[in-house]
There are 2 protein chains.
Amino acid sequence: MEPGSGPRRVTIVDVAAHARVSTTAVSKVMRNAYGVSPAMRERVTAAIAELGYRPRAAARGMRGRTYTIGVLLPDIRNPFFPDIVDGITGHLHDSEYQVMIGTGGRGPGDGAGDAESELRVVDAMVDRGMDGMVLVAPAAGQKRLDEVAGGVPVVVIGRHMRSARHDTVVDDDARGAALVVDHLTGLGHRRIAHIDQREPDRGRAETMPNAVRTRGYRDAMRAHGLEAEIDVVSTGYTEDGGYRGAKWLLERTIRPTAIFAGADIVAMGVLTAVAEAGLRVPHDISVAGYDNTSFAALGPIGLTSVDQAGRQIGADAARLLVQRMADTGRASTFITTSPNLVVRRTTATPPA
Amino acid sequence: MEPGSGPRRVTIVDVAAHARVSTTAVSKVMRNAYGVSPAMRERVTAAIAELGYRPRAAARGMRGRTYTIGVLLPDIRNPFFPDIVDGITGHLHDSEYQVMIGTGGRGPGDGAGDAESELRVVDAMVDRGMDGMVLVAPAAGQKRLDEVAGGVPVVVIGRHMRSARHDTVVDDDARGAALVVDHLTGLGHRRIAHIDQREPDRGRAETMPNAVRTRGYRDAMRAHGLEAEIDVVSTGYTEDGGYRGAKWLLERTIRPTAIFAGADIVAMGVLTAVAEAGLRVPHDISVAGYDNTSFAALGPIGLTSVDQAGRQIGADAARLLVQRMADTGRASTFITTSPNLVVRRTTATPPA
DNA sequence: TTGAAAGCGCTAACAC
DNA sequence: GTGTTAGCGCTTTCAA
């Protein structure tokens with residue numbers, strides 16, 4: 001029991017006394033460690049059950065592990081991240097590890113990827129002795145990530161960079177963006193605009209998923225001979241970012257016939273702006289997203305989107321993390337997953 | 001540094017040696033405790049900065065606090081919960097506390113409110129020495145909650161029950177449900193169905209938000225002389241729950257003219273099912289939700305919903321928690337917030 | 001005001 | 001196979 005009153009919490013000493021064995025024995029049984037006779041194990045197990053003993057993770061953490069895995073999410077509102085979390089917790093469900101989620105302490109309206117806030121959360125997780133961490137699209141630089149990964153097993157999701165210190169799971173974002181552009185040009189679109197997330201740091205630009213999607217968009221446009229039509233608005237991967245970006249685009253004298261939003265959550269804002277402008281989707285303008293979140297599939301939405309199998313990505317990350325926690329020095333793994341385009345009802349031939 | 005190699009982590013001993021003071025002094029400075037001269041404070045502060053010292057939360061937790069607050073969410077997919085989390089983190093932003101979020105390890109498709117999984121998470125938080133916890137719509141029984149709250153400061157959000165051990169912040173769910181029914185009957189609806197979350201435990205039924213909304217719906221229907229039209233389908237507060245519930249309702253020989261979903265996330269599933277059935281909203285059928293999440297306001301959705309100010313609720317909870325952590329023995333507070341109906345475009349007069 | 005020393009609950013060496 | 005003994009990095013009495 002912490003500061004509260006109540007009865008003192010059962011400790012390993014109580015269990016040892018109750019079972020008339022040493023605390024070492026209890027500790028070993030708890031950890032399924034080597035060197036306990038079946039008889040001893042049984043007595044200890046019984047005592048544990050009888051007293052309702054649960055070890056304190058903090059105390060364990062002082063010497064061994066805390067059995068806690070930290071997951072850093074850039075933004076809890078983006079419906080794509082729960083998919084990843086599901087994959088992680090699903091993989092860890094039968095293990096002794098507990099997942100704790102941390103997000104930047106940002107209010108709504110602020111852009112995702114607040115680097116300072118993220119730094120605090122990562123530090124906080126390290127300070128709390130997490131046995132391992134999954135960092136989803138972290139904004140930190142390579143150097144900082146390597147630093148963190150040097151101290152605790154880390155798997156990074158979404159950053160396009162290899163590191164010897166941590167494992168990486170990433171979607172082929174350039175390919176995903178190309179899928180969208182190919183699809184839209186195939187329908188006859190030429191003026192295809194893209195809304196992405198502003199990337200303040202030039203250094204890490206090449207490795208952030210948003211930046212790679214934008215690059216994929218540019219390259220694909222060029223490949224279709226549409227270099228002159230390239231049109232990127234940078235706001236943020238939030239609903240509001242999509243709303244503001246679309247407002248901006250719709251005010252153009254020659255407005256785009258299609259908007260490719262860098263994330264489904266962005267597309268949501270786009271749809272709102274489009275509706276407010278009195279335009280109909282896809283009759284007047286086509287809209288596509290990225291992530292294929294559950295909201296994209298909603299009846300009244302039916303958003304064309306790029307599927308990147310968040311659950312699978314999360315599960316892969318968890319698997320790699322477990323391996324790395326077991327063998328800290330192992331060589332790092334780099335997994336790339338392939339995106340798929342899911343065509344729904346927000347994309348069609350452009351207005352005549 | 002945990003298991004990893006790398007340089008040993010800076011400890012309080014290093015700082016003390018570097019500043020040529022005792023570890024006690026460093027500890028006091030870290031905690032802004034009473035009894036340090038300005039000169040001493042300055043030297044210690046300098047040493048801390050120079051060495052980049054950050055205390056290990058686990059070690060602090062052995063004697064004092066961990067500076068960590070646990071937030072239990074029943075479901076990370078429901079877009080209402082980020083509002084609450086924003087309120088909590090917003091209030092705690094400038095404090096020394098860090099927020100860690102835990103959710104049941106459920107895969108998609110399972111209903112929310114998995115009691116066993118929730119139990120594990122709450123235990124895990126207690127075991128990890130959380131200084132305080134905010135439990136959002138926990139499924140646990142009164143007894144269990146009091147037990148937990150006896151050991152660590154707790155604020156419960158969403159349960160309709162007073163407890164001497166923990167504070168409570170709750171929306172007037174019965175009133176919210178009545179607002180919807182009043183609105184729909186005012187439009188001329190009589191066959192108003194409700195989709196709620198199955199409540200397996202009779203004991204706690206009266207106190208769960210879903211159950212109270214259902215009761216509010218029933219009472220309001222009766223008040224309008226529509227007792228015979230009461231029609232409740234129990235699935236879960238998930239998108240899939242809404243989808244299945246609506247499928248079921250739409251198969252009725254005499255189908256309802258309006259569906260009141262117990263949560264926005266449920267309404268999302270309803271909208272999908274309605275669209276699949278080839279029906280138009282609100283022309284053929286009206287739909288209303290609860291929570292007024294950001295998705296309700298989306299252009300293509302425009303869902304009529306009950307606003308319960310999640311951000312405010314979260315902020316209130318955080319405020320109460322901070323007070324309780326400062327004074328464990330204080331009398332408990334019970335806050336009820338008043339819901340508001342936000343009418344959008346999914347509700348209209350019933351078909352002739 | 002300052003610091004020495006005793007733990008917090010657990011795990012890891014090391015004896016037996 | 002079992003128990004004894006040191007700590008892990010902090011906070012907290014309690015003397016000085």
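Computed from a predicted structure; not experimentally measured. Scope of the values below: all heavy atoms of this structure, side chains included, with no hydrogens, waters or symmetry mates.
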Between the protein and nucleotides 12-16 of chain C, list every N/O to N/O distance that falls short of 3.5 Å.
residue : atom : partner : partner atom : Å
C:dA12  : OP2  : A:R31   : NH1          : 2.8
C:dA12  : N6   : A:T24   : OG1          : 3.0

Next on the checklist: Show every salt bridge (Lys or Arg N to Asp or Glu O under 4.0 Å) that has at least one partner inside residues 14-28 of chain B, sequence neighbours left out.
Outcome noted: B:R8-B:D14

Checklist entry - Taking only residues two or more places apart in sequence, or in another chain, which ones meet A:R63 in a side-chain hydrogen bond (donor to acceptor under 3.5 Å, both in side chains)? => result none

Item to check | Pairing residues for B:R159 by the side-chain hydrogen bond (donor to acceptor under 3.5 Å, both in side chains) criterion, not counting sequence neighbours | outcome: B:T207

Next on the checklist: Applying side chain to side chain contact (heavy atoms under 4.5 Å, CB included), can you list everything that pairs with B:D83, at least two apart in sequence or on another chain?
Outcome noted: A:R77, B:F80

Checklist entry - Can you name the residues that form a side chain to side chain contact (heavy atoms under 4.5 Å, CB included) with B:S95, not counting sequence neighbours? => result B:L92, B:Y97

Checklist entry - First contact, last contact: which nucleotides of DNA chain D are these for chain B, 5' to 3', heavy-atom distance under 4.0 Å? => result D:dG9 to D:dT12

Item to check | Residues touching DNA chain D, which here means a heavy atom under 4.0 Å, drawn from residues 33-47 of chain B | outcome: none

Item to check | Residue pairs passing the salt bridge (Lys or Arg N to Asp or Glu O under 4.0 Å) test where at least one lies in residues 34-52 of chain A, sequence neighbours excluded | outcome: none

Item to check | Set of residues satisfying side-chain hydrogen bond (donor to acceptor under 3.5 Å, both in side chains) with respect to B:N78, sequence neighbours excluded | outcome: none

Next on the checklist: Can you list everything that forms a side chain to side chain contact (heavy atoms under 4.5 Å, CB included) with A:R162? Sequence neighbours excluded, please.
Outcome noted: A:F334

Checklist entry - Quick one: bend of the helix from C:dT1-D:dA16 to C:dC16-D:dG1 from 5 pairs per end, to 10°? => result 40°

